[in-house]
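Everything on this sheet refers to the single structure shown next.
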Amino acid sequence: MAKELKHVVAMDDNYSQWYNNLVVKAGLAENSAVRGCMVIKPYGYAIWEKMQRALDQMFKDTGHENAYFPLFIPKSFFSKEANHVEGFAKECAVVTHYRLKNADNGQGVVVDPDAKLEEELIVRPTSETIIWNTYKNWIHSYRDLPILCNQWANVVRWEMRTRLFLRTAEFLWQEGHTAHATREEAVAEAEKMIGVYEKFATEWMALPVIVGHKSENERFAGAEDTLTIEALMQDGKALQSGTSHFLAQNFAKAFDVTFTNKEGKQEYVWATSWGVSTRLMGALIMAHSDNNGLVLPPKLAPIQVVLIPIYKGEEELSAITSKLDEIAAQLRAAGLSVKIDDRDNVRSGFKFAEYELKGVPVRLAMGPRDVQNGTIELVRRDTLEKENVPQEGLVARVSALMDDIQSNIYKKALDYRNSMITKVDTYDEFKKVLKEKGGFISAHWDGTVETEERIKEETKATIRCIPLDVEPEEGKCILTGKPSHHRVLFAIAY
RNA sequence: CGGGGUGUAGCGCAGUCCGGUUAGCGCAUCUGCUUUGGGAGCAGAGGGCCGCAGGUUCGAAUCCUGUCACCCCGACCA
């Protein structure tokens, strides 16, 4: 086990400490001087950038364009959609003044009471209100529709308790906001985008997710329907990893956004919004990592292959590095991101441990023996299997290994996830599984808010989703015994 | 906002109960030598308003009062 992590906590010992420690030690992020806010370090940001790029391309492939809307939202905009305010009111940062002045006692600065804003500004916790206030001016006719915009931004939600990547006071995300002429088109858009998220999670993050509808309780404030992708972490807790909302005409009505249809009649516009955040980083870390550190899927790894020389003295070093340079050039030509670590102030063993901590998918080490034999040592991060392979054909081998690792860690996560879905038919069983095993629990529910809330109060478990592919099945609610027509998925969530 | 805890070197900590040499240890840093196929060894060096402000005392990291900050557990939440 990595020395950096050794004196701390193993995954099975205290999962959240293990997670926090890993994030810091692997150089992804750390807590900042500002309470609840996070500094994303270069290595962590490099992963986020890869995610951004892939997602952005997927949005463009589905016809979306990027735009940018203001950070500040006038307070009055907020109160226009009743459910929306209620959902966010308790966690908003509010700007009340626009100027500081020197303190009277000469010590530091104070807020200038004369510089009070007429109307307070809210730092966006999400942008529906400012965007729909803008869309009002953009939309007049059915010919102006649809509008398919996305913005990459930061938002602020003043959370009481925060955790690196999973919940921070400020976080980075993208939010798509679309406007449509018909209900059908908007519903289809919301479904399409949750599909994009599912594809991204599966293909890029190697993260299996369950797609489904949120229950009324868990729905986005102001939505008529919320679609979600739910992932399972290695401690058996669920993580909501992305959402796509069908907003019906709620925001159009709140901001009076209408258009003239082909028949010349005024109609309210239909809307969707959808987003994923830096929380995905948390999902990525928690889904695949082990006690040696991160395990990154090759598609998102900032460094895909690291080359390490093993040597005694200058002479060997120069012989080996020139060989490594050659190999690195070939790997780069094949489109791989490669790093040669020729630092001479740390030994090779230290480097091995360090790149395991950082989750680099493939490590190649070359020493004098290899130079002589025309071989190289190859270690894959996901299994830590070590083999000596010929230098000849190395590029093809490593390229193939990238795909192999990508699919292997997906399969591993999928097998685990599937083994953690348990069907139960009684409340006692439900509580027992929740306590002893965790994971998703598939159970019957009578469909009422009251039942869900009581289960939450008594067990902390919530309905994560009603899966899209749920099969009709007659049964009885585990709590009330009332009739139910299909199962839903419960879990304790982050 | 309730309950608990912690502030001592860049990081992690001991010392505080019971006041008393020059405030100590590990990691990291720097220098030198020896090492180098899984987190090197030895020798030496640098680095501190002991969170901050008062007070008690001949004497305070240690006792008292106040204050600030952070962490953990709850309620809230992508």
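In the text below, chain A, chain B and the rest are named by the order of the sequence lines, each starting its count at 1.
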inquiry  = Could you tell me how far apart Asn217(A) (CG) and A78(B) (P) are, to the nearest whole angstrom?
reply    = 12 Å

query = How long is the line joining CZ of Arg343(A) and P of U29(B), in whole Å?
reply = 11 Å

task = Would you check if the distance from the ring center of Phe59(A) to the ring center of Trp274(A) is below 6.0 Å?
result = yes

Quick one: label [X] by what it contacts on the DNA or RNA (base, sugar-phosphate, nothing), any heavy atom closer than 4.0 Å.
{"X": "Leu166(A)", "result": "base"}
{"X": "Asp344(A)", "result": "nothing"}
{"X": "Glu159(A)", "result": "base"}

In Watson-Crick or G-U wobble terms, both distances under 3.5 Å, what is the partner of [N]?
{"N": "C13(B)", "result": "G24(B)"}
{"N": "G66(B)", "result": "C52(B)"}
{"N": "U29(B)", "result": "A45(B)"}

From the options [options], select the nucleotide whose nearest atom is closest to the side chain of [X].
{"X": "Ser277(A)", "options": "G74(B), G39(B), A78(B)", "value": "A78(B)"}
{"X": "Glu377(A)", "options": "G38(B), G37(B), A78(B)", "value": "G37(B)"}
{"X": "Ile310(A)", "options": "A78(B), G39(B), G37(B)", "value": "G37(B)"}
{"X": "Phe350(A)", "options": "G38(B), A78(B), G39(B)", "value": "G39(B)"}

query = Side-chain N or O of Arg347(A) less than 4.0 angstrom from OP1 or OP2 on A40(B)?
reply = yes

message = Is a donor from one side chain sitting under 3.5 angstrom from an acceptor on the other, for Ser273(A) and His177(A)?
response =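 Side-chain D/A pair, Ser273(A) to His177(A): absent.
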
inquiry  = For Glu86(A), I'd like to know if atom CD has over 12 heavy atoms of other residues, nucleotides or ligands within 6.0 Å.
reply    =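 No, not enclosed.
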
message = Between the side chains of Arg363(A) and Glu354(A), is the shortest nitrogen-to-carboxylate-oxygen separation below 4.0 Å, so that they form an ion pair?
response = no

inquiry  = Heavy-atom nearest nucleotide on RNA chain B for Thr278(A) versus Tyr311(A): which residue maps closer to 5'?
reply    =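 It is Tyr311(A) whose nearest nucleotide is closer to the 5' end.
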
query = RNA chain B: Asn20(A) or Pro368(A), which has the more 5' nearest nucleotide?
reply = Pro368(A)

key: C1' spacing across the pair C68(B) / G51(B), given as an integer number of angstrom   =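 Comparing C1' positions in C68(B) and G51(B) gives a spacing of 8 Å.
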
